[in-house]
Amino acid sequence: MQDPRSHTCCFSGYRPGKMPFNVYDPAAVRALEILLDRAIDRAVAEGYDSFWSGMALGFDIWAAEAVIRAKKRHNVRLLCAIPHEHQSDRYPPDWKKRYNVCLVHSDGVHIFAPQYFTGCFAVRNRFMVDASSLLLCYYDGRSGGTAQTVFYAEKQHVRTVNLAKSAFSL
């Protein structure tokens, strides 16, 4: 029996305030969307069909939306890893709407806790890495949850593709 991780990918990246471009610049966001679409197409060509998003503001939601777009071209699944039931309660209305659209189009949702607890985001991130053999990330060296996820993936020998290294035009 094939290990399900062999065809599962996860995402990690920055929230809007940490992205190194203006997230309200449509051209910059479109460039990131194109990078995500191409990375997902490459992953599908390598046999990946399941994609975990942590559903945080910014990169996670952009990645989930890219998987939804990929569903029009490929037989893929969007899986959502929610650290706690109230994750989106404080999201701005436009991001909350996008979050909800992603959940509606998802093929599975895993909620780790009914309430926030210290470390719930790290638990979610380790779960996604442990369930995957590929991490698509946006990481430019800044400390935080993305850095911890990238380092954990490397320690677990999960292949990492860093889209920040491809994003020279952003």
Side-chain angles (χ1 to χ4, degrees), residues 5 8-25 28-43 46 48 50-70 78-84 86-92 94-96 98-99 102-103 106 109-113 116-170:
R5 292 177 299 175
T8 303
C9 172
C10 63
F11 300 103
S12 185
Y14 300 129
R15 293 190 170 92
K18 251 183 147 175
M19 292 303 281
F21 60 87
N22 180 351
V23 299
Y24 298 103
D25 174 1
V29 172
R30 184 65 191 132
L32 178 62
E33 291 171 342
I34 290 167
L35 282 174
L36 280 162
D37 290 345
R38 289 178 180 162
I40 290 169
D41 286 345
R42 280 192 300 271
E46 294 174 11
Y48 290 88
S50 300
F51 296 85
W52 281 103
S53 171
M55 298 301 292
L57 290 171
F59 186 80
D60 288 2
I61 290 178
W62 284 313
E65 291 170 337
V67 175
I68 292 168
R69 288 191 300 276
L78 171 61
L79 305 169
C80 299
I82 311 295
H84 60 90
H86 303 283
Q87 178 181 20
S88 69
D89 284 359
R90 295 186 180 173
Y91 286 8
D94 56 331
W95 283 102
K96 189 167 191 161
R98 294 167 76 176
Y99 174 94
C102 291
L103 289 181
S106 73
V109 176
H110 185 89
I111 301 172
F112 291 86
Y116 171 84
F117 66 89
T118 302
C120 66
F121 295 99
V123 168
R124 176 211 49 204
N125 294 342
R126 285 191 303 270
F127 168 87
M128 292 191 308
V129 168
D130 290 342
S132 303
S133 62
L134 174 63
L135 169 65
L136 294 177
C137 69
Y138 195 100
Y139 174 63
D140 65 4
R142 299 178 204 207
S143 63
T146 298
Q148 292 169 4
T149 303
V150 168
F151 297 147
Y152 182 73
E154 291 171 352
K155 183 178 175 186
Q156 299 303 313
H157 306 288
V158 171
R159 184 168 61 109
T160 300
V161 174
N162 186 353
L163 300 182
K165 293 181 179 179
S166 304
F168 300 113
S169 64
L170 291 180

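Between the CG atom of D25 and the CZ atom of R30 there is a distance of 13.0 Å, given to the nearest 0.5 Å. Taken to the nearest 0.5 Å, the CG atom of L134 stands 12.0 Å off from the OG atom of S50. Annotation: the span from S53 atom OG to L136 atom CG amounts to 11.5 Å, rounded to 0.5 Å.
Heavy-atom minimum distance, A81 versus P83: O-CD, 3.7 Å. Considering every non-hydrogen atom in both W62 and E33, the closest pair reads CD1-OE2, 4.5 Å. Nearest heavy-atom pair, I61 versus L57, reported as atom, atom and distance to 0.1 Å: CD1-CA, 4.2 Å. Residues G54 and Q87 come closest through the heavy atom pair O-NE2, 3.1 Å. Closest heavy-atom contact between V29 and V23: CG2-O, 3.3 Å. Across all their heavy atoms, T160 and A153 have their closest contact at OG1-CB, 4.0 Å.
For the pair Y138/P20, a side-chain contact is recorded, criterion being any heavy-atom separation below 4.5 Å from C-beta on. The closest side-chain heavy-atom distance from S133 to Y48 is below 4.5 Å.
For Q156, the side chain to side chain donor-acceptor pair (under 3.5 Å) criterion is met by no residue, not counting sequence neighbours. Evaluation of the side chain to side chain donor-acceptor pair (under 3.5 Å) rule for D94 yields no partner, not counting sequence neighbours. Under the side chain to side chain contact (heavy atoms under 4.5 Å, CB included) criterion, N162 pairs with C137, Y139, A164, K165, not counting sequence neighbours. When the salt bridge (charged side-chain N to carboxylate O under 4.0 Å, His left out) test is applied to E154, no partner is found at least two apart in sequence or on another chain. Applying the side chain to side chain contact (heavy atoms under 4.5 Å, CB included) test to R38 and every residue at least two apart in sequence or in another chain returns I34, R42. Annotation: side chain to side chain contact (heavy atoms under 4.5 Å, CB included) contacts of Q148 (sequence neighbours excluded): none. Applying the side chain to side chain contact (heavy atoms under 4.5 Å, CB included) criterion to R5, with sequence neighbours excluded, gives D3. With sequence neighbours excluded, the residues forming a side chain to side chain donor-acceptor pair (under 3.5 Å) with N125 are T149, listed by chain and number. Residues meeting the side chain to side chain donor-acceptor pair (under 3.5 Å) test with D37, sequence neighbours left out: R69.
The salt bridge (charged side-chain N to carboxylate O under 4.0 Å, His left out) pairs that include a residue from residues 57-68 are E65-R98, where partners are two or more places apart or lie in different chains. The list of side-chain hydrogen bond (donor to acceptor under 3.5 Å, both in side chains) pairs with a residue in residues 9-23, not counting sequence neighbours, reads Y14-D140. The salt bridge (charged side-chain N to carboxylate O under 4.0 Å, His left out) pairs that include a residue from residues 119-134 number zero, where partners must be two or more places apart or lie in different chains.
In this pair, F11 and F59 present their aromatic rings perpendicular. The plane angle is above 60°, beyond the 30 to 60° band. The aromatic rings of H84 and H86 lie tilted to each other, with the angle between the two planes from 30° to 60°.
In this structure, W52 has its ring center under 6.0 Å from that of F127.
No donor-acceptor pair closer than 3.5 Å links the side chain of T8 to the backbone N or O of S132.
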